[in-house]
Amino acid sequence: RKLVGKLTTGCEEFDEMMGGGIESQSITEMYGEFGCGKTQVAHQLAVNVQLPPEQGGLGGSVVIIDTENTFRPERITQMVNGLSEKHGVEYDPEEFLKNIHVARAYNSNHQILLVDSASELANELKDSEMPVRLLIVDSLTAHFRAEYIGRGTLADRQQKLNKHLHGIQRFGDLFNSCVVVTNQVMSKPDAFFGDPTKPIGGHILGHTATFRLYIRKSKGDKRIVKLVDSPNLPDGEAIMSITTDGLGD
Ligand code: ATP
Ligand code: MG
């Protein structure tokens, strides 16, 4: 087993709550309502992973499996410019964009297959200057939710989701990579699913995701991130902000 890496979020409280940052070789699940900031955190991590360890990064590149077409290069540019200001260095956004490998997933089967493509790429980059140290699946559950509607198909859905989760866990282990997945939850009950206020895939995800983060909106640009049921860390809450410059305290 390789030494576990810690990836900074850019928010001190958040990092502290996580025992230093997002851990490699583990799945971290971010769940919360639409607009709470899951995709924003994903973008920020895609930037931060490229920083050297002295700056809280893992000196690596990232693969994003984008299932909702929400990756925005312009947002990366804003965040890199935010970092330049924070560190007093002139980072080149284009250099950061080069190390972000985005793959669109058109349906759940395609999404599962893309983990294999991600592994191939990670193998190719293994001994390069920018090995893949972060895999993002945003959203983990949207396609599954859309394709498996109704109670009859629930078992099938869980089985496939479970297989997918094993695949991404393997990726994390194999490449000493962080794995971050997003999962939208609704605040109000919905007719289709048993308890939609719980994340879809709740049970299986509950056991597989090592770190579960519940994100909710607070005042203005503030967000509350809650660490839920971690095996080795106390439950806690952190306040982060999301501004044009990216995530902050
Ligand atoms: P969903 O479940 O629909 O995917 P999400 O949790 O991924 O939602 P995000 O898209 O990450 O939500 O968050 C959107 C919010 O992030 C916006 O409402 C805004 O508050 C903030 N945001 C997005 N872009 C910027 C920006 N350039 N500057 C400041 N804040 C921004
Ligand atoms: Mg999103």
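All ligand and atom numbering here is 1-based and tracks the order in the structure.
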Can you pull out every salt bridge (charged side-chain N to carboxylate O under 4.0 Å, His left out) where at least one residue sits in residues 85-98? Sequence neighbours excluded, please. E95-K98
Taking the minimum heavy-atom distance to atom 18 (O) of ligand 1, which of G32, G82, G35 ranks first? G35
How are the rings of F71 and H43 set relative to one another: parallel (under 30°), tilted (30 to 60°) or perpendicular (over 60°)? parallel
Would you please classify the geometry between the F144 ring and the Y148 ring as parallel, tilted or perpendicular, with 30° and 60° separating the classes? parallel
Quick check on contacts: which atoms of ligand 1 are under 4.0 angstrom from a heavy atom of [X]?
X    : value
T243 : 28 (N), 29 (C)
G37  : 5 (P), 6 (O), 9 (P), 11 (O), 12 (O), 13 (O)
T39  : 4 (O), 5 (P), 7 (O), 10 (O), 11 (O)

Of the protein's non-hydrogen atoms, which lies at the shortest distance from [atom], and what is that distance?
atom                    : value
atom 17 (C) of ligand 1 : R223 NH2, 4.4 Å
atom 4 (O) of ligand 1  : E68 OE1, 3.8 Å
atom 27 (N) of ligand 1 : Q78 OE1, 2.9 Å
atom 31 (C) of ligand 1 : R75 NH2, 4.0 Å

I'd like to know: is the Mg ion (ligand 2) within the 2.8 Å range of an N/O/S atom from Q40, strictly under that distance? no
Hey, what do you get for CD1 (I239) to NZ (K219), rounding to the nearest 0.5 Å? 10.0 Å
Return yes if a side-chain donor-acceptor contact under 3.5 Å exists between [X] and [Y], otherwise no.
X    : Y    : answer
K38  : N183 : no
N48  : T8   : no
D173 : Q169 : yes
T243 : D221 : no

Between [X] and ligand 1, which residue portion shows a heavy-atom distance shorter than 4.0 Å: side chain, backbone, both, or neither?
X    : result
T70  : neither
R216 : neither
Q40  : both

